[in-house]
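Below: one structure, written as structure tokens.
Note that the coordinates shown come from a computational prediction; the quantities given were computed from them, not determined experimentally. Letters go in sequence order (proteins before strands), and every chain restarts at 1.
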There are 2 protein chains.
Amino acid sequence: MPQKGKPTGRRSETTKAAILAAARQHFAASGYERATIRIIAADAGIDPAMVMRYFGNKEKLFAAAAEFDLRLPDLAAVPRGTVGSVLVGHFLDRWESDDTLQALLRAAVSYKVAVTRLRAVFATQVMPAVAPLCKDRATAATRIGLVATQMLGMALCRYVLRLPPVVSLDRAAVIRWLAPTIQRYLTAGP
Amino acid sequence: MPQKGKPTGRRSETTKAAILAAARQHFAASGYERATIRIIAADAGIDPAMVMRYFGNKEKLFAAAAEFDLRLPDLAAVPRGTVGSVLVGHFLDRWESDDTLQALLRAAVSYKVAVTRLRAVFATQVMPAVAPLCKDRATAATRIGLVATQMLGMALCRYVLRLPPVVSLDRAAVIRWLAPTIQRYLTAGP
DNA sequence: CGTATATGTCAACGGCTGTTGGCCATTACG
DNA sequence: CGTAATGGCCAACAGCCGTTGACATATACG
């Protein structure tokens, strides 16, 4: 038994990982339609046909590349007043250390599968983790939706559109400005 | 002299307008690469070759379709404390009454020309109109950049990604929640 | 009326796309 | 060692894309 165990094969896992990495990078940099299977394969150093063998088709390749975990921390453990800065800081970290989010956002704008996935991430990862912080269940969804508008708006302007004044903010400044907004959306009166 | 005066022709302006309208609609709904010239032409009821004759190529067609004016009101005239709600309300209006902004945002994510145009709109329309409200020149660009993150984030979540909790907010609620954020970005201490 | 010009259609081109099936090399295993 | 399977490459397909040029029609004007 060579490596792991799923296929009986030899080094397929290595190649598969290389394809996934190249796919994430190009989906993140160019969006769904411009990230060609041929380009991704060339970047991974193999033939386009291998991509099809391992992932079936482009849609499934994207689904595999867009799989990811936001890794939200346990928010019940942080002090009430700092939840805003913790959330902003965590999002910045995740956004800068993982191409997947950028791939998801860039693709979601023109590719149905991606927007569905993004909504799923919101519903299954953000909502359950943040909702307990809101006292009244009734407005929780609204509050978390508002948080999403500010967070995704920052990501859009900073990493995708690259608006100069937003790009030149340093990490601390982003947290200093955005944290009170997030805090207010989550806790302020209706 | 048949209608206006620019070409000597007969009804070319009508067709040109039909093409532009169809282009805007499809760019807004599908992004740059999925909005094909063939589809746009079919929607305008003419042959694809006409698009080329009137606009040269797809890039120039997009440039023509993405031309637009944000029509920001004179902010010096509104009371100091209501500038937030005026801005949010105006953006919502513009966003819902004109496909162009959505076309610009959808295309900007994967099409260089579009992101350049969007940055230009920010620099030549938003900055000059909003900057006078900021007392210190030094932080004005930063403050307006922050406003952009919240505004574009709302547009992204509401009109492009269609996150359910954000879509179901009514106009008044959006203003009620976002106005204080905008107000703080523009006027609060560093 | 005759002719030039604008308006529009048609068919085709080269290029790029996702996808497929067949062929070679290498390795694992009896 | 021989055989089967796995990893990988190559060439080709059908389809769609932007774009082009030749050709038909209708209008404007001398």
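- D:dG15 atom P lies 17 Å from atom CD1 of B:Ile39, rounded to whole Å.
- In this entry the distance linking CD of B:Glu33 with P of C:dG15 reads 21 Å, nearest Å.
- Distances shown here put a side-chain N or O of A:Thr15 below 4.0 Å from the OP1 or OP2 atom of D:dG8.
- In this structure, NZ of A:Lys58 is placed 4 Å from P of C:dG18, rounded to the nearest angstrom.
- Between A:Asp69 and A:Arg94 no salt bridge is recorded (no basic side-chain N to carboxylate O distance below 4.0 Å).
- A:Val115 has its side chain out of reach of B:Arg162: every pair of non-hydrogen atoms, C-beta onward, lies at least 4.5 Å apart.
- One atom, NZ of B:Lys16, and another, C1' of C:dG8, lie 16 Å apart when rounded to the nearest Å.
- Ring orientation note: the planes of B:Tyr111 and B:Tyr32 are close to parallel, at an angle under 30° on the 30°/60° scale.
- For A:Arg34 and C:dC16, the CZ to C1' distance is 13 Å, given to the nearest whole Å.
- You'll find the side chain of A:Arg80 reaches within 4.5 Å of the side chain of A:Leu133, heavy atoms only.
- Following rounding to the nearest Å, A:His26 (NE2) and C:dG18 (P) show an atom-to-atom distance of 12 Å.
- Proximity of residues 42-57 of chain A to DNA chain C (heavy atom under 4.0 angstrom from any strand atom) is restricted to A:Ala49, A:Met52, A:Asn57.
- For B:Ser12 and C:dA6, the shortest distance from a side-chain N or O to OP1 or OP2 is not below 4.0 Å.
- In this model, a donor atom of one side chain and an acceptor atom of the other lie less than 3.5 Å apart for A:Thr181 and B:Arg184.
- Atom CZ of B:Arg38 is separated from atom C1' of D:dG18 by 7 Å (rounded to the nearest Å).
- Between the C1' atom of D:dG18 and the CZ atom of B:Phe27 lies a distance of 12 Å, rounded to the nearest Å.
- Partners of A:Ala64 according to the side chain to side chain contact (heavy atoms under 4.5 Å, CB included) rule, which considers only residues two or more places apart in sequence or in another chain, are A:Leu20, A:Phe55.
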